[in-house]
Number of protein chains: 2
Amino acid sequence: MKYGDLIKERRSILGLTQQELSDYCGLSVRIIKSIESEKGNPSLKTMEKIAETLGLELILKVKLPNE
Amino acid sequence: MKYGDLIKERRSILGLTQQELSDYCGLSVRIIKSIESEKGNPSLKTMEKIAETLGLELILKVKLPNE
DNA sequence: AACAAATGTGCAATATAGTGCACTATTGTT
DNA sequence: AACAATAGTGCACTATATTGCACATTTGTT
């Protein structure tokens, strides 16, 4: 699961700075940085706050054999 | 994101107890319980250990407007 | 009903996610 | 080159996820 680049790209498409994203989703800039660079180990709630703000979704599903 | 029931159902399909699942994915039984009942706020690593053990996958993707 | 297996819960301890500050590094613009 | 805006990092602190133990509850089997 490579979430860092997707988040960074998505934020950039929406024209947001890390600071703005952190304001919108109620998280510290610090954590936005660590998540975009995939350092650390975010919680589900943290990931979902970011996802919702950026129009992304976090999904758990059965993994098909052919992928 | 309703992960608790999916995990519980999937574990049951594979014929595993909470104890066995916790052994296989290297987590405490305690955390398996809290995740299946969706109490608490697991980390991505924790979720992915469980997902991998159960043949599930955790995905972050762009949310389409029509859903 | 009695019993065993599996699941749920209170509590205390430890590991680590999340925060804020001050600073550095990068990137882009003139 | 100089400057401004944005992004990355060290440190110490707080909040909370994760753990293990012991016990309670539920579920299934005879």
**B:S43 vs C:dT16: side-chain N/O to OP1/OP2 distance below 4.0 Å** = no
**Spacing of A:N41 atom CG relative to D:dT16 atom C1', expressed in whole Å** = 13 Å
**Asked** Rounded to the nearest Å, what distance is computed from the CD1 atom of residue B:I32 to the P atom of nucleotide C:dA6?
**Response** 15 Å
**Request:** On DNA chain C, check which nucleotide each of B:E36 and A:I31 is closest to and give me the residue with the more 5' one.
**Result:** B:E36
**Request:** Round to the nearest Å and state the distance from B:L21 atom CG to D:dT18 atom P.
**Result:** 14 Å
**Request:** Could you tell me which residues satisfy side-chain hydrogen bond (donor to acceptor under 3.5 Å, both in side chains) with B:K63, sequence neighbours excluded, listed by chain and number?
**Result:** none
**Request:** Evaluate the criterion side-chain contact (heavy atoms from CB on, under 4.5 Å) for residue pair A:L56 and B:K61; output intermediate values, then yes/no.
**Result:** CA-CA 5 Å; A:L56 301 173; B:K61 68 184 198 67; over 6 Å; no
**Message:** Return whichever of B:Q19 or A:M47 has its heavy-atom-nearest nucleotide of DNA chain C closer to the 5' end.
**Reply:** B:Q19
**Message:** Looking at B:E36 and B:R11, is there a salt bridge between them, counting it only when a charged N and a carboxylate O are closer than 4.0 Å?
**Reply:** yes
**Message:** Of the options C:dT7, C:dG20, D:dG8, whose atoms approach the side-chain atoms of B:R11 most closely?
**Reply:** C:dT7
**Asked** B:Q18 CD to D:dT25 P: how many Å, rounded?
**Response** 17 Å
**Check ion pair B:E38-B:K2 (N to O, under 4.0 angstrom)** = no
**Message:** Expressed as a whole number of angstroms, how long is the span from A:I7:CD1 to D:dA7:C1'?
**Reply:** 16 Å
**Request:** Round to a whole Å and report the spacing from CG of A:D23 to P of D:dA7.
**Result:** 12 Å
**Item:** N/O (side chain, B:T46) to phosphate O (OP1/OP2, D:dT18) under 4.0 Å
**Value:** yes
**Fill in**
Closest of C:dG8, D:dG8, C:dG18 to the A:K33 side chain is D:dG8
**Message:** From CG of B:L44 over to P of C:dT16, roughly how many Å is that when rounded to an integer?
**Reply:** 16 Å
**Request:** Would you mind reading off the distance between A:I35 atom CD1 and D:dA7 atom P, rounded to a whole angstrom?
**Result:** 15 Å
**Message:** With heavy-atom distances below 4.5 Å as the criterion, would you say the side chains of B:I50 and B:I35 are in contact?
**Reply:** yes
**Request:** Tell me what B:K39 touches on the nucleic acid: a base, only sugar-phosphate, or nothing, going by heavy atoms under 4.0 Å.
**Result:** sugar-phosphate
